[in-house]
Amino acid sequence: MPELPEVEAARRRIERGALNRTIEAVTYGDDITHMDLPDRAALDRFTGTQFSTATRHGKFIFAGTQGGPWMMIHLGMAGSIRVMDADEVDADYIRLTVAFEGGTRLTFRDPRKFGEIVVVEDVEDYVAERGLGPDALTIGDNAFADVIGGTRGAVKSALLAQSKLAGVGNLWADESLYRAGILPDARACDLEAGRIGQLHGVVGDTLKAVVDTDAVYSKLPADWLIHRRDEGADCGICDGAIAKTKVGGRTSYFCPDHQTGA
DNA sequence: TTTACTGTTAGGAC
DNA sequence: TGTCCTAACAGTAA
């Protein structure tokens, strides 16, 4: 269930458990038909090397070797990453395994097969190639105002556009708008400058708070939307009730009472 | 059995 | 030319 905070949590697991270990083999799991994965030769470049760093841009993870290629991992709609000890048993739907000397292994699990792995020479070039906007955790006030405030369509669609702002997905876009008091289908360019600035603050705070819990939703504050994504549920902020709609084709939950469009 | 889904992107509409 | 929207991808789970 990966958006920026979940991806960041995965990156940290790699950082904690998979760096500076010699790679023995990279192997495919069962049933990788229809998946976007590197060919054998590209994967074999990692054998005998070590990951020395793990970085992230938006929802993309990059595990890098010293002076060599990077392994880009995108979790898609349902992917996850675990670093396993030798005695732990694989779950179902493992699509790729990086085995390290000593038995530790990094597993990429992806039931829905929407994930992707690419062997990358240069992270900055790759981010530019994919057309990703600035990362949602580090974008500055002015850039956020330009990129989101200048959009004529729905503000939620702007937050979701990875080419404008990388990392925000459906859940945390809804959460940020709920906490900022802005309707998801408000036209971004109709919002006052002050509200765009405020939204920037709330998006950052929201993502950071989720990152701080390692993306464990039960640890998030009780008044958040994440605990009440249900039509008719009580709003955690006012006396209203949660409503459901579609914005840009994506299911959206919001409170029609305290969220407004100007 | 039917329906919805937390991401991305190609293609078409405006 | 650019911006925006929809449908499709593949598989699971409610």
Side-chain angles (χ1 to χ4, degrees), chain A residues 1-11 28-37 56-61 72-81 91-96 108-118 120 126-133 135-136 146-179 184-190 203 206-207 209-211 213-218 220 224-231 242-254:
Chain A
M1 313 171 239
E3 300 181 36
L4 186 149
E6 293 81 1
V7 173
E8 174 63 17
R11 187 198 68 79
Y28 295 122
D30 291 337
D31 185 16
I32 54 166
T33 51
H34 305 291
M35 289 195 72
D36 231 328
L37 298 172
R56 179 192 59 73
H57 187 103
K59 301 168 189 170
F60 294 70
I61 298 172
M72 189 292 289
I73 305 176
H74 192 291
L75 301 176
M77 205 79 143
S80 58
I81 283 176
D92 291 336
Y93 313 117
I94 300 295
R95 309 302 182 188
L96 190 100
F108 171 52
R109 175 176 188 268
D110 186 14
R112 267 179 94 179
K113 298 182 172 180
F114 281 9
E116 188 184 350
I117 292 180
V118 177
V120 169
Y126 184 76
V127 165
E129 232 171 79
R130 294 290 293 237
L132 297 177
D135 186 81
D146 281 354
V147 121
I148 303 298
T151 309
R152 292 197 297 273
V155 61
K156 176 172 173 180
S157 301
L159 291 176
L160 291 179
Q162 302 299 299
S163 55
K164 297 182 195 294
L165 184 68
V168 178
N170 200 36
L171 289 188
W172 306 123
D174 276 1
E175 188 73 52
S176 300
L177 292 165
Y178 163 88
R179 300 215 295 136
D185 61 353
R187 274 164 60 96
C189 59
D190 288 348
V203 168
T206 301
L207 295 174
V210 185
V211 167
T213 68
D214 250 354
V216 177
Y217 299 171
S218 58
L220 292 167
W224 278 31
L225 180 65
I226 190 72
H227 305 302
R228 57 194 82 239
R229 292 178 67 85
D230 253 323
E231 219 167 357
I242 299 302
K244 176 182 175 178
T245 185
K246 291 243 184 207
V247 177
R250 312 304 304 275
T251 301
S252 305
Y253 292 94
F254 68 103

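As the structure is a prediction and not an experimental result, all values here were calculated from the model. Chain identifiers are assigned alphabetically (A, B, ...) following the order of the sequence lines, protein sequences preceding nucleic acid strands; residue numbering begins at 1 within each chain.
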Legend entry - Heavy-atom pair with the smallest gap, counting every atom of A/His57 and A/Leu132: CD2-CD1, 3.8 Å
Legend entry - Short side-chain N/O contact from A/His74 to OP1 or OP2 of B/dT8, under 4.0 Å: yes
Legend entry - A/Arg250 CZ to B/dG7 C1', straight-line distance once rounded to whole Å: 7 Å
Could you go over nucleotides 11-14 of chain C and give all protein N or O partners under 3.5 Å, atom names and distances?
residue	atom	partner	partner atom	Å
C/dG11	OP1	A/Lys113	NZ	2.5
C/dG11	N2	A/Arg112	NE	3.2
C/dT12	OP1	A/Tyr93	OH	2.8

Inset, instruction - Rounded off to whole Å, could you give me the CG-to-C1' distance for the A/Leu75 and B/dT8 pair? - result: 13 Å
Legend entry - Sub-4.5 Å side-chain heavy-atom contact between A/Glu6 and A/Trp172: yes
Inset, instruction - Let me know the distance between CZ of A/Arg152 and P of B/dA13, rounded to the nearest Å. - result: 19 Å
Inset, instruction - Answer yes or no: is there a side-chain heavy-atom contact under 4.5 Å between A/Asp110 and A/Leu96? - result: no
Inset, instruction - Please examine the side chains of A/Val118 and A/Tyr126, heavy atoms only from C-beta on, and report whether any two atoms are closer than 4.5 Å. - result: yes
Inset, instruction - Tell me whether the OP1 or OP2 atom of B/dT8 has a side-chain N or O from A/Gln162 closer than 4.0 Å. - result: yes
Legend entry - Integer-rounded Å distance: C/dT6 P and A/Lys246 NZ: 10 Å
Inset, instruction - Examine A/Tyr253 together with A/Trp224 and report whether their ring centres are nearer than 6.0 Å. - result: no
Inset, instruction - Both distances under 3.5 Å, Watson-Crick or G-U wobble: on that basis, could you give the dot-bracket string for DNA chain C, with [ ] for crossing pairs and | for other-strand partners? - result: .||||||||.||||
Inset, instruction - Calculate the interatomic distance between A/Glu129 atom CD and B/dT9 atom C1'; express it in whole Å. - result: 16 Å
Please report, to 0.1 Å, the donor-acceptor pairs under 3.5 Å made by any side chain of residues 148-161 of chain A, with sequence neighbours excluded.
residue	atom	partner	partner atom	Å
A/Thr151	OG1	A/Val147	O	3.1
A/Thr151	OG1	A/Ile148	O	3.2
A/Lys156	NZ	A/Asn170	OD1	2.6
A/Lys156	NZ	A/Asp174	OD1	2.7
A/Lys156	NZ	A/Thr251	O	3.3
A/Lys156	NZ	A/Ser252	OG	2.7

Inset, instruction - Just call it for A/Arg130: base, sugar-phosphate, or nothing, with non-hydrogen atoms closer than 4.0 Å on any strand. - result: sugar-phosphate
Legend entry - Integer-rounded Å distance: B/dG7 P and A/Leu171 CG: 7 Å
Legend entry - A/Ile81 and A/Ile61, any side-chain heavy atoms less than 4.5 Å apart: yes
Legend entry - Whole-Å P distance, B/dT3 and C/dA7: 15 Å
Legend entry - Under 4.0 angstrom between A/Thr251 side-chain N/O and B/dC5 OP1 or OP2: yes
Inset, instruction - Write down the distance between CG (A/Asp174) and P (B/dT6), rounded to a whole number of angstrom. - result: 9 Å
Inset, instruction - Would you confirm whether A/Arg109, through its side chain, and A/Asp92, through its main-chain N or O, come within 3.5 Å as a donor-acceptor pair? - result: yes
Inset, instruction - State, yes or no, whether a side-chain contact exists between A/Glu3 and A/Leu207 at a heavy-atom distance under 4.5 Å. - result: no
Inset, instruction - Can you tell me the distance, in whole Å, between the NZ atom of A/Lys164 and the C1' atom of B/dT9? - result: 15 Å
Legend entry - B/dG11 to C/dA10 separation - P atoms, rounded to the nearest Å: 16 Å
Inset, instruction - Scan A/Glu116 against the nucleic acid and name what it touches under 4.0 Å (heavy atoms): base, sugar-phosphate only, or nothing. - result: nothing
Legend entry - Basic-acidic side-chain contact under 4.0 Å: A/Lys244, A/Glu231: no
